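Take a look at the structure below.
All values reported here derive from a predicted model rather than from experimental measurement.
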Amino acid sequence: MELLRDSIPMVSLASSAAALYARVASAFLRPGLPRLAALLPVVALLAAAPLAFTSSAWARSQSTASRCSPLLPVKLRRGGGCPGAAAKSVSLVSCAAKVAAIATILHLYESKIQLLHRYIRLAMYGIHIYCFLDLLLPCIAAAGSALGMELEPPFDRPYLASSLRDFWGRRWNLMVSAILRPSVYDPVRARAGKAAGVVATFLISGLMHEAMVYYMTLRLPTGEMTAFFLLHGVCCVAEEWCARRWVARRWPPPPRPLGSLLVMAVAAGSSFWLFFPPICREGSEEMLLEEWAAVAAFFQDAGRKLRRAPVRFTD
């Protein structure tokens with residue numbers, strides 16, 4: 001690990017080589033003990049790689065995301081063909097809006113963030129996480145476009161979700177849903193029923209997030225992140241039960257905007273209570289804000305240098 005310590009190029013090279021080896025080994029070895037034995041060193045390396053960044057929580061968190069994202073399944077759009085001009089226009093507008101939101105939030109990180117109320121800061125962190133992931137994950141998966149593949153987006157406007165099941169199952173982080181559904185939900189559902197499959201899926205997701213928080217803060221897990229996801233798993237089960245009763249009584253469906261508002265309220269309230277505290281306590285919030293402010297200053301300085309660079313014309 002000394003060779004990799006605080007070296008982004010070395011960590012990236014080692015992790016990319018490990019991911020390539022895993023793909024090759026999986027292609028030539030059948031499922032079973034030989035494949036497991038061949039892949040265990042890769043699992044150990046990818047788990048230890050973020051810890052090489054001893055001086056930066058931001059670098060550890062981004063390293064964790066970049067190590068995991070290439071290993072997630074990527075769904076292809078059905079029907080083939082190129083997206084229409086309208087879809088491209090919407091995508092460009094959406095990307096521009098997210099870039100503007102991140103730029104505004106980074107500016108606030110530099111100056112006024114500590115003057116804001118705690119819940120406003122946490123809401124800003126949530127918007128930052130969504131915008132950043134919705135820009136980062138397509139960039140990581142964009143290599144598929146060079147191979148002629150049209151990739152599905154990792155998010156589908158989660159702010160329009162009409163229920164928690166819609167939010168988690170069809171709109172938020174679809175790449176993770178695509179791997180948890182066949183690996184956790186389907187096997188547990190086949191043996192113990194649908195409700196058990198939902199709760200088990202959220203439990204595994206919570207444990208994964210506990211590991212991510214450990215990489216960011218280097219503190220032992222507190223269980224709050226697992227509690228957050230278990231709470232949402234139980235709420236999804238209860239929500240489906242209530243939906244069935246609602247339909248059985250032939251009551252009219254509630255307005256979709258009301259459902260979206262309730263979903264956002266539940267997501268925000270539970271995040272303020274359980275999701276953000278393990279990330280923000282004991283000085284971690286200040287450290288992350290300082291690092292994001294440094295990232296913003298770096299890009300601002302790079303932009304100024306580009307604007308000042310002379311333009312040379314050649315005959």
Hydrophobic cluster membership, [X] vs [Y], 4.5 Å side-chain cutoff:
X    : Y    : answer
I105 : Y119 : yes
V263 : V234 : no
I102 : I129 : yes
V99  : F155 : yes
V24  : V42  : no

[atom1]/[X]: more than 12 non-hydrogen atoms of other groups inside 6.0 Å:
X    : atom1 : result
L40  : CG    : yes
R245 : CZ    : yes
R30  : CZ    : no

How many angstroms lie between atom [atom1] of [X] and atom [atom2] of [Y], to the nearest 0.5 angstrom?
X    : Y    : atom1 : atom2 : result
I179 : L174 : CD1   : CG    : 14.0 Å
L261 : S162 : CG    : OG    : 13.0 Å
M212 : I279 : CE    : CD1   : 10.5 Å
L29  : L36  : CG    : CG    : 11.0 Å
R121 : F276 : CZ    : CZ    : 11.5 Å
K98  : I127 : NZ    : CD1   : 12.0 Å

#### Entry: Salt bridge D166-R171, side-chain N to carboxylate O under 4.0 Å
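Result for this pair is yes, salt bridge flagged.
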
Between [X] and [Y], is there a donor-acceptor pair closer than 3.5 Å when you use the side chain of the first and the backbone of the second?
X    : Y    : value
W246 : P252 : yes
S270 : V266 : yes
E210 : P221 : no
R219 : P278 : yes
S260 : A161 : yes
S26  : R23  : no

What closest approach, in Å, do [X] and [Y] show between heavy atoms, and which atom pair accounts for it?
X    : Y    : value
F229 : G206 : CD1-CA, 3.6 Å
L180 : S205 : CD1-CB, 4.2 Å
Y185 : T201 : CB-OG1, 3.3 Å
A38  : P41  : O-CD, 3.5 Å
L164 : C235 : CD1-CB, 3.6 Å
L160 : R256 : O-NH2, 3.5 Å

### side chain to side chain contact (heavy atoms under 4.5 Å, CB included) evaluation trace for C280 with L122
CA-CA 9 Å; C280 297; L122 295 181; 4.1 Å; yes

### Query
Which residue, W273, W168, F275, forms the ring-ring contact (aromatic ring centres under 6.0 Å, His included) with H232?
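The option that passes is W168.
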
Close side-chain approach of [X] to [Y], heavy-atom, < 4.5 Å:
X    : Y    : answer
D156 : R170 : no
R35  : F28  : no
P277 : R281 : yes

### Close aromatic pair by centroid cut-off 6.0 Å: Y159 and W172
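No, too far apart.
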
### Task
Check step by step if side chain to side chain contact (heavy atoms under 4.5 Å, CB included) holds for F202 and C236.
CA-CA 10 Å; F202 277 89; C236 285; 3.9 Å; yes

### Message
Let's go through V198 and E240 carefully: what are the C-alpha distance in whole Å and the side-chain angles of both, what is the deciding distance for side chain to side chain contact (heavy atoms under 4.5 Å, CB included) to 0.1 Å, and is it a yes or a no?
### Response
CA-CA 11 Å; V198 171; E240 184 173 9; 5.6 Å; no

### Query
Can you check side chain to side chain contact (heavy atoms under 4.5 Å, CB included) on L274 and M225, steps first, answer last?
CA-CA 6 Å; L274 294 170; M225 198 66 72; over 6 Å; no

